[in-house]
Amino acid sequence: MELVSLDDYQEKAWSLLPKGPLDYYRSGAGDEFSLRLNRSAFDKIRLRPTFMKDVSKRSTRTTVMGLDLDMPIAIAPTAMQKMAHHEGEIGNAKAAAASGVLFTLSTIATTSIEELAEATPDSNKWFQLYIFRNREIAKNLIRRAEQSGYKALVLTVDAPIFGLRRQDLRNAFTLPNHLQLANFVGDQATSVRHSHGKSGINEYVITQFDDSLTWEDLKWLVKFTKLPVIAKGILTAEDAVTAVKCGCQGIIVSNHGARQLDSVPASIEVLPEIVAAVGDKVTVMMDGGIRQGTDVFKALALGAKLVFIGRPAIWGLTVAGQAGVENVLKIIKNELDICMATVGCASISEISKKYVVHESYYSRL
């Protein structure tokens with residue numbers, strides 16, 4: 001069967017991956033209500049096409065935080081990608097580079113900061129940062145990212161601990177023995193292999209991540225690094241305003257793939273309030289539930305300047321390595337282009353909230 005949608009890649013990848021890694025990638029927190037909501041919330045937003053416009057010359061190109069991109073789609077940070085395919089983060093990043101989009105490397109990757117930079121020397125890359133109890137670890141990661149040509153730091157603010165991920169607990173999930181967290185050495189690189197009957201990744205986070213972080217630590221980070229700092233995991237206008245006051249240059253509206261806390265809203269539901277609060281001051285982006293070109297259009301119409309995909313890139317990587325991710329990006333770019341043409345927008349800059357309406361509007365008619 002030819003794979004013609006991101007859901008096709010998901011179905012194929014699910015048939016290929018072992019249960020432990022598969023459940024790690026696909027599961028959400030708690031009863032997974034918010035995981036389902038990330039998708040169903042898009043279904044409540046209707047498109048309002050306008051016709052008889054010249055859309056013969058279309059472009060999906062855009063500029064975000066000084067980066068020229070072939071489309072307003074980026075690869076989200078996802079941990080331990082060599083579980084999906086031996087090419088891991090390098091295959092994913094090479095696909096992003098070949099497709100003219102941004103790639104974000106996770107702190108807890110199976111490819112190091114330097115390895116990825118060497119493999120993709122001229123590409124647009126950001127580094128996602130977790131801050132550890134030992135602050136020297138964070139300082140070392142930041143300086144390495146600066147020296148390796150990464151363009152920004154993405155601080156994940158929504159993970160003082162990891163959420164209740166029942167599938168990982170049931171599977172006593174651990175990193176396979178032939179892999180390690182490549183940004184670290186010794187026990188910090190390998191302890192995630194051990195679960196003691198629980199979840200290895202959860203135990204690792206409990207012992208290593210700093211759950212005492214406050215906004216003062218964000219201020220410290222902004223002063224410490226030479227790179228722009230982006231706050232990832234913002235779900236309220238209040239936190240967005242505070243992040244901007246602390247010096248962030250970007251906001252990623254995100255519920256962490258619904259993996260941290262169940263019953264939180266979908267990212268797309270809270271995007272408008274955050275755009276209204278800080279969209280004129282910083283770059284607002286989002287992730288969560290993007291599975292087709294119309295989803296991208298809806299997010300852009302509601303004010304996002306860039307959207308991230310995480311799981312779909314992992315499914316493409318699982319199926320065919322770099323080539324699989326490239327095809328996932330090709331599919332969603334084509335879907336976005338078709339949506340733009342049929343809605344009546346020839347460029348990304350023309351997309352605005354006038355092209356969308358919530359389903360509740362029709363229920364009142």
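This is a predicted model, so every value here is computed, not measured.
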**Asked** Does some side-chain heavy atom of T294 sit less than 4.5 Å from a side-chain heavy atom of F42?
**Response** no
**Complete:** For D287 and S254, the nearest pair of non-hydrogen atoms, with its separation, is OD1-OG, 2.7 Å
**Prompt:** Do D7 and S5 have a side chain donor and acceptor closer than 3.5 Å?
**Reply:** no
**Message:** So for atom NZ, which belongs to K44, do other residues, nucleotides or ligands contribute more than 12 heavy atoms lying within a distance under 6.0 Å?
**Reply:** no
**Item:** Contact check, side chains of L69 and T63, non-hydrogen atoms, under 4.5 Å
**Value:** no
**Prompt:** Taking a hydrophobic cluster as the set of Ile, Leu, Val, Met, Phe, Trp and Tyr residues connected by side-chain heavy atoms closer than 4.5 Å, whether directly or through intermediates, do L153 and L155 fall within one such cluster?
**Reply:** yes
**Sidechain N-carboxylate O distance under 4.0 Å for K232, D158** = no
**Prompt:** Would you say V229 and F224 make side-chain contact, with heavy atoms under 4.5 Å?
**Reply:** no
**Request:** Output yes when a side-chain donor or acceptor of N140 lies under 3.5 Å from a complementary backbone atom of E136, and no otherwise.
**Result:** no
**Item:** Test item: S34 side-chain N/O and S263 main-chain N/O as donor-acceptor pair under 3.5 Å
**Value:** yes
**Asked** Short question: side chain of Q260, backbone of G163 - any donor-acceptor pair under 3.5 Å?
**Response** yes
**Message:** If we ignore hydrogens and angles and just use 3.5 Å, is the side chain of D210 paired with the main-chain N or O of S212 as donor and acceptor?
**Reply:** yes
**Message:** I'd like to know whether NZ of K305 has more than 12 heavy-atom contacts from other residues, nucleotides or ligands below 6.0 angstrom.
**Reply:** no
**Spacing of CG belonging to L22 relative to CE belonging to M83, to within rounding of 0.5 Å** = 10.0 Å
**Asked** Are the side chains of M80 and L175 in touch, meaning some heavy atoms are under 4.5 Å apart?
**Response** yes
**Message:** Strictly by salt bridge (Lys or Arg N to Asp or Glu O under 4.0 Å), give each pair with a member in residues 109-120 just once, sequence neighbours left out.
**Reply:** E114-R144
**Any donor-acceptor N/O pair, E350 side chain to A346 backbone, under 3.5 Å** = yes
**Asked** Side chains of M340 and T60: closer than 4.5 Å at any heavy-atom pair?
**Response** yes
**Parallel, tilted or perpendicular: rings of H256 and Y130 (30°, 60°)** = parallel
**Request:** Give a yes or no on whether V270 and L35 share a hydrophobic cluster (residues Ile, Leu, Val, Met, Phe, Trp, Tyr; joining criterion: side-chain heavy atoms under 4.5 Å apart).
**Result:** no
**Item:** Y24 six-ring centre to R259 NZ/CZ under 6.0 Å and within 45° of normal
**Value:** yes
**Fill in**
L317 and A84 have their tightest heavy-atom pair at CD2-CB, 4.2 Å
**Prompt:** Mind checking whether L129 and W126 sit in one hydrophobic cluster, side chains of I, L, V, M, F, W, Y counted as touching below 4.5 Å?
**Reply:** no
**Request:** Test V357 against I45 for side-chain contact (heavy atoms from CB on, under 4.5 Å), laying out the working first.
**Result:** CA-CA 6 Å; V357 65; I45 302 168; over 6 Å; no
**Request:** Please collect all side chain to side chain donor-acceptor pair (under 3.5 Å) contacts where either partner lies in residues 322-342, sequence neighbours excluded, each pair once.
**Result:** Y9-N327, R58-D337, D70-K333, Q322-E326
**Hydrophobic cluster identity match, L181 and F127, side-chain contacts under 4.5 Å** = yes
**Request:** Determine yes or no for a side-chain-to-main-chain donor-acceptor pair under 3.5 angstrom, with R311 supplying the side chain and G257 the backbone.
**Result:** yes
**Asked** Roughly how far, to the nearest 0.5 Å, is CZ of F297 from OH of Y355?
**Response** 6.5 Å
**Message:** Can you confirm whether I332 sits close enough to V328 that some side-chain heavy atom of one is under 4.5 Å from a side-chain heavy atom of the other?
**Reply:** no
**Message:** Under a 3.5 Å distance rule, please check whether D54 uses its side chain to pair with a backbone N or O of S56 as donor and acceptor.
**Reply:** yes
**Request:** Check whether any side-chain heavy atom of R61 lies under 4.5 Å from a side-chain heavy atom of I348, and answer yes or no.
**Result:** no
**Item:** L141 CG to T225 OG1 distance, which is reported to the nearest 0.5 Å
**Value:** 11.5 Å
**Asked** Mind checking what makes side-chain hydrogen bond (donor to acceptor under 3.5 Å, both in side chains) contact with T156, not counting sequence neighbours?
**Response** Q128
**Request:** Using the six-membered ring of W315, assess whether NZ or CZ of R26 lies under 6.0 Å from its centre and within 45 degrees of the ring axis.
**Result:** no
**N92 backbone acceptor or donor facing E87 side chain under 3.5 Å** = no
**Message:** More than 12 heavy atoms of other residues, nucleotides or ligands under 6.0 Å from CG of D280: yes or no?
**Reply:** yes
**Prompt:** What pair of heavy atoms forms the shortest contact from N255 to S267, and how long is it?
**Reply:** N-OG, 3.3 Å
**Message:** Between the side chains of D23 and R170, is the shortest nitrogen-to-carboxylate-oxygen separation below 4.0 Å, so that they form an ion pair?
**Reply:** no
**Request:** Taking all non-hydrogen atoms of both residues into account, name the closest pair between L218 and C246 and its distance.
**Result:** CD2-CB, 3.7 Å
**Message:** A quick test of your reading: do over 12 heavy atoms of other residues, nucleotides or ligands sit less than 6.0 Å from NZ of K139?
**Reply:** yes
**Message:** For the CZ atom on R48, are there more than 12 heavy atoms of other groups (residues, nucleotides or ligands in this structure) within a distance under 6.0 Å?
**Reply:** no
**Prompt:** Does F103 have K125 sitting over its ring (NZ/CZ under 6.0 Å from centre, angle to axis within 45°)?
**Reply:** no
**Fill in**
Closest heavy-atom pair, L329 versus S99, reported as atoms and distance to 0.1 Å, is CD1-OG, 3.5 Å
**Asked** Do F173 and K19 have side-chain heavy atoms sitting under 4.5 Å apart?
**Response** no
**Prompt:** Looking at F162, does the NZ or CZ of R165 lie under 6.0 angstrom from its six-membered ring centre and within 45 degrees of the ring axis?
**Reply:** yes
**Side-chain H-bond candidate by donor/acceptor type, S27 with Q167, under 3.5 Å** = no
**Under 3.5 Å donor-acceptor, E32 side chain and A29 backbone** = no
**Complete:** Here the gap from L302 atom CG to H358 atom NE2, rounded to the nearest 0.5 Å, amounts to 9.5 Å
**Request:** Using the ring pair (Phe, Tyr, Trp, His ring centres under 6.0 Å) rule, take F184 and F132 through it: C-alpha gap first, then chi angles, then the decisive distance, then the call.
**Result:** CA-CA 12 Å; F184 307 101; F132 286 60; 5.2 Å; yes
